[in-house]
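The structure under discussion appears below in the form of structure tokens.
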Amino acid sequence: MEVNKFEDVFEGKLAKNEMVEPKDWMPDNYRKHLIRQISQHAHSEIVGMLPEGNWITRAPSLRSKVVLLAKVQDEGGHGLYLYTAAETLGISRDELLDNLHTGKAKYSSIFNYPTLTWADIGAVGWLVDGAAIMNQVMLQRTSYGPYARAMVRICKEESFHQRQGFEIMTRLAFGTEDQKAMAQDALNRWWYPTMMMFGPPDAESPNSENAMKWRIKRETNDQLRQRFVDQTVPQVQYLGLTVPDANLKWNEAKKGYDFSEPNWVEFKNVISGNGPCNKERLAARNKAHNDGAWVREAAQAFAKKRNEIYVAA
Amino acid sequence: MSDNQGPVWEIFLQKKAGQPFVHCGSLHAFDKEMALQNARDLYTRRNEGVSIWAVPSNAIVASSPEDIGPFFEPANDKVYRHPTFYQIPDAIGHM
Amino acid sequence: MLKQVQHDIKTLSNLCEKPLCSLRLKKKNKMTTQDALFQYTLRLGDTNLILGQRLSEWTGHGPFLEEDLALTNIALDITGTAKSLLEYAASIEGKGRTEDDLAYFRNDRQYFNAQITEQPNGDYARTIVRQAIIDCFDFYFYNELAKSKDETLAGIAQKSIKEVTYHLRHTSSWVERFGDGTEESHNKAQTAVNELWQYTGELFEMNEVDAVLIKEGIAVDLNIVKAKWEKHITELLEKSTLTKPENVFMQTGSRKGIHTEHLAYILAEMQALPRMYPDAKW
């Protein structure tokens with residue numbers, strides 16, 4: 001078959017809402033876009049373990065400690081599902097990790113913000129996971145089979161995460177004065193960074209067009225952002241807290257809230273390495289990887305001695 | 001020695017005794033025992049299975065998309081392989 | 001402020017009643033079964049809690065992703081067991097304290113975890129060796145405790161057996177990989193064995209608490225566990241080409257609430273938030 005014919009088959013699959021599978025022919029750009037998107041997503045899960053893991057040893061009750069442990073572990077599992085999905089596109093785990101460790105690959109800028117108080121763990125679960133879920137639900141129907149299947153599994157597991165965060169916020173918001181203040185402070189600091197998670201405004205989003213065409217993405221950044229605000233404001237009101245946005249106002253005509261845009265200059269800076277924790281996060285990942293090198297070597301040597309040789313794919 | 005994450009394994013889970021093993025995902029492991037343990041820790045955290053198969057990825061042979069025609073379409077016209085092809089007299093009932 | 005001071009006094013007086021003072025009083029008054037059971041359950045709960053705390057320091061920092069998740073599973077099981085045990089301890093005590101009061105409002109001198117559990121994680125070989133030593137102990141210990149006449153302890157033990165059996169399989173396979181892997185991994189594992197061995201004696205120490213409860217068919221005779229543990233760990237080390245240390249001078253103290261310097265730091269970190277806001281519920 002000629003390339004044109006391959007392309008017709010590929011386009012036909014997209015048109016019929018069918019999945020593209022690893023061995024199917026796909027345009028180079030599609031493959032590259034997927035590798036970039038899936039690995040960014042995977043890196044975000046892995047780096048995301050750090051700000052939340054930061055509070056495991058300090059969780060204020062045994063119940064909250066086991067719940068947080070289980071949650072952070074889930075994030076690791078999600079990163080792993082996604083890495084293996086990316087690997088089906090012909091890139092190895094080693095390369096993927098190298099890209100993260102050298103700073104070549106990006107991850108969600110939200111994880112470059114610090115978790116300063118226990119309420120931040122609530123805010124991360126409630127807002128950050130809430131925002132992530134909106135993206136992820138949409139991606140369960142994405143066009144690349146292994147990615148879609150990973151997302152189905154992730155969404156199923158993720159459903160407890162947002163509730164876990166909201167439960168922490170509820171206990172704080174209806175707790176002592178100090179606790180309520182802690183909750184409001186966390187909301188103030190996490191509101192805008194969470195809004196940034198949906199990416200730049202549609203007009204300035206360079207990768208959106210192809211992503212929509214290929215069904216790698218199914219809703220635009222601005223659509224998702226609007227939905228997030230509309231969904232979250234009533235939850236803020238329930239908690240008796242205040243959204244840190246003087247311009248937030250219900251717009252009857254569009255049946256949604258008007259709200260202030262996040263600071264996109266800050267966004268660009270955090271993405272390009274100038275956020276409050278970029279250096280710590282990368283350093284922590286590099287340290288874990290480097291400290292683990294002798295462990296992996298030992299495992300490899302042991303397998304070899306036992307004649308268990310499998311060619312590393 | 002080269003640093004790497006070990007070979008890729010494909011993991012199949014049996015949900016309940018008696019049911020078929022179904023592919024649930026992949027992982028990295030350096031040896032057989034590790035592959036089994038990692039599969040248990042990664043893919044059965046929520047009671048998803050009672051039995052695990054772990055297979056080195058490179059041991060799997062897969063058909064290609066181009067094979068769809070020659071592999072699977074010839075089966076389309078062999079209706080006589082299905083029980084509905086045959087008529088059983090009413091008097092016999094279920095067979 | 002006044003409220004906080006009152007709370008502190010209340011907490012302090014609670015703490016002074018037990019377990020410190022009861023230990024001092026025991027020479028005059030014979031220890032009751034209830035006292036002993038409280039102490040015993042506390043000892044088991046503390047051991048699991050501190051070990052779980054140490055293991056969870058690895059979450060997000062493991063040597064590779066799959067193993068990071070595996071070790072976190074172990075941390076989860078162990079912290080869960082700690083929660084059940086401290087809940088039970090609180091109910092035995094019957095003074096309205098919860099498992100969180102016990103975890104977050106006792107000082108290091110009121111903690112009875114085995115000293116080996118509070119030792120720093122060190123490199124991955126040290127964490128794995130520490131864990132294998134304890135898993136092996138727990139495996140035989142919980143198999144005995146499952147026969148306890150105390151139904152709650154027996155129930156907790158039965159649940160733990162399954163978890164611990166898997167932990168032991170996981171950590172044993174890593175001890176083997178390290179011992180018989182590279183020279184570097186072998187040396188790291190051997191160093192860990194050599195340095196941790198001094199804390200193994202304590203695991204088998206018995207005091208009046210054990211004596212009272214063994215008579216009632218509640219507690220485990222640790223001499224039985226010791227024989228099985230020694231056999232198993234010796235075989236594991238041999239299989240892993242590691243050398244078992246001989247004639248090691250054993251550390252002691254945790255049965256009396258005496259610890260290494262590490263525990264106070266662990267507690268300072270773990271307890272900071274509840275102690276900063278003693279009136280808060282989380």
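Protein chains get the first letters and strands the later ones, always in sequence-line order, with residue 1 at the start of each.
- Taking the ring centre of C:Tyr166 as origin, the terminal cationic atom of B:Arg40 falls inside the region bounded by 6.0 Å and 45° from the ring axis.
- Screening C:His170, C:Arg177, C:Glu176 against B:Glu33 for a side-chain contact (heavy atoms from CB on, under 4.5 Å) leaves a single residue, C:Arg177.
- Of the atoms belonging to C:Arg169, heavy atoms from both backbone and side chain fall under 4.5 Å from chain B.
- The structure places CD of C:Glu67 at 15.0 Å from NE2 of B:His28, a figure rounded to the nearest 0.5 Å.
- The number of heavy-atom neighbours closer than 6.0 Å to NZ of B:Lys78, taken from other residues, nucleotides and ligands shown, is above 12.
- Within a 6.0 Å radius of OH in C:Tyr265, other residues, nucleotides and ligands contribute 12 heavy atoms or fewer.
- Within 6.0 Å of the NZ atom in C:Lys231, the count of heavy atoms belonging to other residues, nucleotides or ligands does not exceed 12.
- A distance of 4.5 Å separates CZ in C:Phe64 from CE in B:Met34, rounded to the nearest 0.5 Å.
- When all heavy atoms of C:Asn73 and B:Arg45 are compared, the closest pair comes out as OD1-CD, 4.2 Å.
- Summarising the local packing, CZ of B:Arg46 is surrounded by more than 12 heavy atoms from other residues, nucleotides or ligands at distances under 6.0 Å.
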